[in-house]
Number of protein chains: 2
Amino acid sequence: MARTQGSHSGITGPRVREVALKLFAQHGYAAVSMRQIAREVGVQVGAIYNYTPDKQALLFSLLEGHMEELLAAWEAEPRPEAPQDRLEVFVRFHIRFNLARPQAIFISYMELRNLEPAHFAVIETLRKRYEAALEEILRDGQATGAFSVPDTRLASYALIAMLTGVNTWYREGGRLSIAEVADIYWDMVRKAVAAG
Amino acid sequence: MARTQGSHSGITGPRVREVALKLFAQHGYAAVSMRQIAREVGVQVGAIYNYTPDKQALLFSLLEGHMEELLAAWEAEPRPEAPQDRLEVFVRFHIRFNLARPQAIFISYMELRNLEPAHFAVIETLRKRYEAALEEILRDGQATGAFSVPDTRLASYALIAMLTGVNTWYREGGRLSIAEVADIYWDMVRKAVAAG
DNA sequence: GTCTATATCGGGATAGAC
DNA sequence: GTCTATCCCGATATAGAC
């Protein structure tokens, strides 16, 4: 059977998400129009609405998909015994994962305020689950005496901010490889929380 | 002489800036309309254009004013001899200054991509001057042997990101005072860059 | 599934009266 | 310096043909 003229056998949906992710990261959710997304995908604007009920749902779906992927990837990481080893796994994982998805990371931090309250609450819950993983490592290390942190909650915020900051300056093909960057950051993190 | 009816003897200008800062921080530059700003100021939209040629210039003026204030405030800080003491001054200054101006800090990080290229370049130059101040401290301490950082450039990025992150979670009236937060962050920073 | 056409709305910015 | 009125444009979203 011949397809309806102009039909694209199911590739338009993923393309819409790709393009929206790219444009939202580049110009910001509020500054990007559905027309612009359609143009870049190569369809008319009406066609977009076969894949999302509206613009807001598109943003939410991108953010939720990203957070689910983050949590799944973290849970698939090895989980050594010693808190110090777990912290090292976390640091290297966070840098590697974030640098592999700069656009998704970017909108995850920048576009939260453009989510409707109900959508915002969902994303916040997922984000807190990830942050809690780091804080648990710090608490364990504090309990065993491996770490000495005055406040595990603040330390987890401080470390996440520091590690996430890599995305603001890292450029592919630059002076350092991702592994080298992770080495340097791990050195600072290790010392920052070290006991004695 | 009686003033023209509706004239406000020069308070509307500052009010426009205040309100724009607040709304841009709350909803994002692209999502805020000139009508919305006018409504909150209490004038008609036409009146706004007595104080800015257009919306873009308003954003730029806010960001530039903030950066100039930041640099001036930093240059007014004490400058002790020892790099370690200078680093402590920087850490405490950065946290204190940022927490005193959460809205300006927020738009300084979030709205850079909404600046026209020429405006963006100006802000970037100012921002780099501030970052260079921290890197210089780290290089000095590395030279005297007070610090041991594998890469002063990366360390400066890491520390700035960590310190600026305070603004994402700190709330007035919370568990910790600003001074206590600064103590805790200084402890982590000190250890992260320490020699030996 | 995609298209064209359109309803409806709100945006930035300006002109000219007061 | 502020107001009212308006120009012109582009936004989201939908309807109905193919």
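Chain letters run A, B, ... following the sequence lines, proteins first, then strands; residues in each count from 1.
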Of B:Val45 and A:Tyr49, the one whose nearest nucleotide on DNA chain D sits closer to the 5' end is B:Val45
Nearest-nucleotide comparison on DNA chain D, the residue closer to the 5′ end among B:Gly46 and A:Gln36:
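So the residue in question is B:Gly46.
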State whether [X] places a side-chain N or O below 4.0 Å from either non-bridging phosphate oxygen (OP1 or OP2) of [N].
{"X": "A:Gln44", "N": "C:dT4", "value": "yes"}
{"X": "A:Thr12", "N": "C:dG1", "value": "no"}
{"X": "B:Ser33", "N": "C:dG10", "value": "no"}

Nearest-Å distance, [atom1] ([X]) to [atom2] ([N])?
{"X": "A:Asn50", "N": "D:dG16", "atom1": "CG", "atom2": "C1'", "answer": "13 Å"}
{"X": "B:Leu58", "N": "C:dA13", "atom1": "CG", "atom2": "P", "answer": "10 Å"}
{"X": "A:Arg39", "N": "C:dT2", "atom1": "CZ", "atom2": "P", "answer": "18 Å"}
{"X": "B:Ile48", "N": "C:dT14", "atom1": "CD1", "atom2": "C1'", "answer": "15 Å"}
{"X": "A:Met34", "N": "C:dT4", "atom1": "CE", "atom2": "P", "answer": "17 Å"}
{"X": "B:Tyr51", "N": "C:dA13", "atom1": "OH", "atom2": "P", "answer": "17 Å"}
{"X": "B:Lys55", "N": "C:dG10", "atom1": "NZ", "atom2": "P", "answer": "16 Å"}

Stepwise salt bridge (charged side-chain N to carboxylate O under 4.0 Å, His left out) check, B:Lys128 with B:Glu131
CA-CA 5 Å; B:Lys128 279 183 184 150; B:Glu131 289 181 359; over 6 Å; no
cation_pi(A:Arg86, A:Phe90) dist<6.0 Å, angle<=45:
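No, cation not above the ring by the 6.0 Å, 45° rule.
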Any N or O donor-acceptor pair under 3.5 Å from the base of C:dG10 to the side chain of B:Arg35?
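For B:Arg35, whose side chain was compared with the base of C:dG10, there is no donor-acceptor pair (under 3.5 Å).
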Let's go through B:Glu136 and B:Arg139 carefully: what are the C-alpha distance in whole Å and the side-chain angles of both, what is the deciding distance for salt bridge (charged side-chain N to carboxylate O under 4.0 Å, His left out) to 0.1 Å, and is it a yes or a no?
CA-CA 5 Å; B:Glu136 192 196 322; B:Arg139 264 192 284 102; 5.8 Å; no
B:Ala47 side-chain proximity, nearest of C:dC3, D:dT2, C:dA13
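Of all the options, the side chain of B:Ala47 is nearest to D:dT2.
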Just compare D:dA13, C:dT2, D:dC3 and give me whichever is closest to any side-chain atom of A:Asp54.
D:dA13
Given side chain to side chain contact (heavy atoms under 4.5 Å, CB included), test B:Gln103 with B:Lys22 step by step and report yes or no.
CA-CA 6 Å; B:Gln103 296 170 331; B:Lys22 189 190 90 173; 3.5 Å; yes
What is the nucleic acid contact for A:Val41, judged by heavy atoms within less than 4.0 Å: base, sugar-phosphate only, or nothing?
nothing
Indicate yes or no: does B:Glu135 engage B:Arg153 in a salt bridge with an N to O separation below 4.0 Å.
yes
